[in-house]
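Values reported hereafter were calculated over all heavy atoms of this structure, with side chains retained and with hydrogens, waters and symmetry mates removed. None of these values were measured; they are calculated from a predicted model.
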Amino acid sequence: MTSSVASTTTDDHFLITFAPLNVEELYHQADHPHNGAVVVMSGTVRDQTDGKAVLSLEYQAYEPMALKVFQGIAQDIRQRWPDVNRIAIQHRTGHLKISEISVLVAIGCPHRAEAFAACQYAIDTLKHNAPIWKKEHWADGSSSWVNIGACEQENA
């Protein structure tokens with residue numbers, strides 16, 4: 001199942017999907033002739049958390065609300081960095097293996113400083129506000145669900 005929404009007033013793109021994420025596609029969604037920078041953040045599944053071996057992750061999302069959070073992030077970015085012209089946010093759901101991409105954020109802007117700042121704001125805000133949960137599958141056979149925002153706060 002794939003859910004997506006494109007803003008009606010901008011060329012922003014938001015997606016939640018079971019399908020693998022494509023960095024090149026996301027880049028093109030954020031690209032624009034006025035850009036001097038497109039900053040892309042790619043979050044991948046790593047093989048450990050706090051020194052504990054991870055075999056895989058499983059993501060679930062409350063998709064309608066998560067897409068609204070993505071839209072709210074874009075609105076906030078446009079207020080803080082009005083030169084930003086394109087925003088693309090994608091997140092996977094389902095079972096992901098080590099090294100698979102779980103989240104992508106791309107910001108297109110005339111200037112790199114604003115693009116970097118807006119991209120960091122987008123991923124940090126997504127992690128804390130989007131109703132997305134991950135289940136970590138550990139090498140010892142156990143597993144546990146965590147809200148991604150809570151996990152990031154603990155690991156910060």
Side-chain angles (χ1 to χ4, degrees), residues 1-30 38-81 84 86-108 115-156:
M1 178 177 195
T2 299
S3 293
S4 65
V5 63
S7 174
T8 56
T9 58
T10 66
D11 289 319
D12 296 343
H13 296 272
F14 311 111
L15 175 70
I16 295 175
T17 183
F18 283 107
L21 301 179
N22 183 308
V23 175
E24 185 176 348
E25 178 183 308
L26 179 92
Y27 180 92
H28 289 298
Q29 291 174 348
V38 174
V39 172
V40 176
M41 184 278 170
S42 172
T44 58
V45 178
R46 61 180 177 258
D47 65 358
Q48 62 81 31
T49 298
D50 294 331
K52 189 174 178 181
V54 173
L55 295 178
S56 62
L57 296 179
E58 183 178 339
Y59 285 94
Q60 288 188 2
Y62 178 49
E63 293 180 23
M65 183 58 70
L67 291 169
K68 286 182 181 183
V69 168
F70 295 177
Q71 290 174 319
I73 290 168
Q75 290 172 350
D76 292 347
I77 286 172
R78 293 198 189 296
Q79 288 177 357
R80 293 178 70 173
W81 300 280
V84 167
R86 299 262 173 96
I87 301 165
I89 302 172
Q90 301 178 357
H91 206 294
R92 288 278 308 270
T93 55
H95 192 90
L96 280 70
K97 299 174 189 171
I98 302 303
S99 299
E100 284 192 274
I101 299 170
S102 59
V103 61
L104 289 172
V105 176
I107 305 293
F116 275 110
C119 191
Q120 181 167 358
Y121 174 83
I123 190 63
D124 290 348
T125 305
L126 179 156
K127 291 279 194 176
H128 293 289
N129 296 344
I132 299 171
W133 301 268
K134 71 178 177 181
K135 185 176 189 178
E136 296 177 306
H137 295 274
W138 308 100
D140 67 6
S142 66
S143 62
S144 58
W145 282 102
V146 293
N147 176 287
I148 61 173
C151 180
E152 289 298 312
Q153 291 171 354
E154 290 173 11
N155 293 327

Walk me through whether Thr93 and Gln60 qualify under side-chain contact (heavy atoms from CB on, under 4.5 Å).
CA-CA 5 Å; Thr93 55; Gln60 288 188 2; 5.8 Å; no
Value for CG (Leu55) from NZ (Lys97), rounded to nearest 0.5 Å, stands at 12.5 Å
d(His13 NE2, Arg86 CZ) to nearest 0.5 Å is 6.5 Å
_Beyond-backbone contact of Thr44 with Ser99, side-chain heavy atoms, under 4.5 angstrom_ = no
Can any side-chain N or O of Thr125 pair as donor or acceptor with the backbone N or O of Tyr121 at less than 3.5 Å? yes
The reported gap from CD1 in Ile89 to CZ in Phe14 (rounded to nearest 0.5 angstrom) is 5.5 Å
The reported gap from CD in Glu63 to CD1 in Ile132 (rounded to nearest 0.5 angstrom) is 9.5 Å
### Message
If we ignore hydrogens and angles and just use 3.5 Å, is the side chain of Ser102 paired with the main-chain N or O of Gly43 as donor and acceptor?
### Response
yes
Is the count of non-hydrogen atoms from other residues, nucleotides or ligands lying under 6.0 Å from Glu25 atom CD greater than 12?
-> yes
So CD1 of Ile98 and OG of Ser56: to nearest 0.5 Å the spacing works out to 7.0 Å
ask   = Going by heavy atoms in the side chains, are Leu26 and Leu21 under 4.5 Å from each other?
value = no
* Determine whether Arg78 and Asp12 make a side-chain contact, defined as any pair of heavy atoms from C-beta on separated by less than 4.5 Å. => yes
Is Ile107 close to Ile87 at the side-chain level, that is, under 4.5 Å between some pair of heavy atoms? yes
Separation between CD (Glu100) and CG (Leu57), nearest 0.5 Å, reads 9.5 Å
So Lys52 and Asp140, do their side chains get closer than 4.5 Å, heavy atoms only? yes
Heavy atoms of Trp138 and Ser144 approach each other most closely as NE1-OG, 3.4 Å
* Mind telling me whether His137 and His95 have parallel, tilted or perpendicular rings, with 30° and 60° as the class edges? => tilted
